[in-house]
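As structure tokens, the structure follows; a few thoughts come after it.
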Amino acid sequence: MSSNPLPVTSRVYFNVGSVKDWYNIIREAHALYGANWRGQQHIKRKLERRPTKPLKVWFDVPDEKFATWVSVKHGVSAAVGPNK
């Protein structure tokens with residue numbers, strides 16, 4: 001049984017203010033990396049509960065430049081990780 005491991009990933013963070021922005025980031029990750037990315041779970045629920053305050057959300061993607069690309073393309077601000 002051989003499974004294809006995910007490539008080495010970088011964790012990038014975004015300040016997401018709406019469900020629409022969150023889905024835009026997901027669509028972009030899927031278009032660029034296919035299934036080779038992961039995102040934080042239960043974000044839609046959290047965004048719906050507190051719609052006025054932006055939420056820091058992480059994504060594991062193969063290229064850390066993804067944060068810059070998404071920030072420019074979708075107008076979402078990239079955030080600094082918790083230990084930086």
Side-chain angles (χ1 to χ4, degrees):
M1 175 191 305
S2 67
S3 77
N4 296 333
L6 290 174
V8 176
T9 60
S10 299
R11 184 160 283 185
V12 295
Y13 294 85
F14 297 100
N15 290 319
V16 179
S18 71
V19 174
K20 180 182 175 189
D21 292 340
W22 181 64
Y23 276 121
N24 284 337
I25 297 170
I26 290 173
R27 277 192 286 281
E28 195 68 35
H30 188 68
L32 291 173
Y33 306 117
N36 293 329
W37 65 276
R38 286 183 21 185
Q40 188 173 344
Q41 297 180 346
H42 306 295
I43 297 304
K44 181 180 177 186
R45 185 180 329 161
K46 289 178 182 179
L47 286 169
E48 288 173 342
R49 287 184 184 159
R50 47 184 229 185
T52 58
K53 186 177 178 186
L55 185 65
K56 188 181 284 189
V57 179
W58 60 261
F59 287 86
D60 289 336
V61 293
D63 187 5
E64 63 187 20
K65 295 179 218 166
F66 177 74
T68 305
W69 171 249
V70 169
S71 296
V72 170
K73 185 172 181 182
H74 296 290
V76 178
S77 65
V80 178
N83 296 327
K84 296 188 180 187

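Only a predicted model underlies this, so the values are computations on that prediction, with no experimental measurement involved.
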Subject >> CD/Glu48: more than 12 non-hydrogen atoms of other groups inside 6.0 Å >> reply: yes
**OP:** Scan Val57, Asp63, Asp60, Val61 and name whichever one has a side chain to side chain contact (heavy atoms under 4.5 Å, CB included) with Val12.
**Re:** Val61
**OP:** Would you mind reporting whether Leu47 and Val16 have side-chain heavy atoms less than 4.5 Å apart?
**Re:** yes
Original post:
Going from CZ on Phe59 to CZ on Arg38, what distance comes out if it is rounded to the nearest 0.5 angstrom?
Top reply: 11.5 Å
Subject >> Interatomic spacing from CD1 in Ile25 to NZ in Lys73 - rounded to 0.5 Å >> reply: 12.0 Å
Subject >> Residues that Arg45 engages under side-chain contact (heavy atoms from CB on, under 4.5 Å), provided they are two or more places apart >> reply: His42, Arg49
**OP:** Keeping the roles fixed (side chain from Ser10, backbone from Pro62), state whether a donor-acceptor pair exists under 3.5 Å.
**Re:** no
Original post:
Are Tyr23 and Trp69 connected in a single hydrophobic cluster, I mean Ile/Leu/Val/Met/Phe/Trp/Tyr linked by side-chain heavy atoms less than 4.5 Å apart?
Top reply: yes
Original post:
Can you tell if the side chain of Arg27 reaches within under 4.5 Å of the side chain of His74, non-hydrogen atoms only?
Top reply: no
Original post:
Which residues pass the side chain to side chain donor-acceptor pair (under 3.5 Å) test with Lys44, sequence neighbours left out?
Top reply: none
**OP:** Report the relative orientation of the aromatic rings in Phe66 and Phe14; use parallel for angles under 30°, tilted for 30 to 60°, perpendicular for over 60°.
**Re:** perpendicular
**OP:** Could you tell me the separation between the NZ atom of Lys65 and the OG atom of Ser71, rounded to the nearest 0.5 Å?
**Re:** 15.0 Å
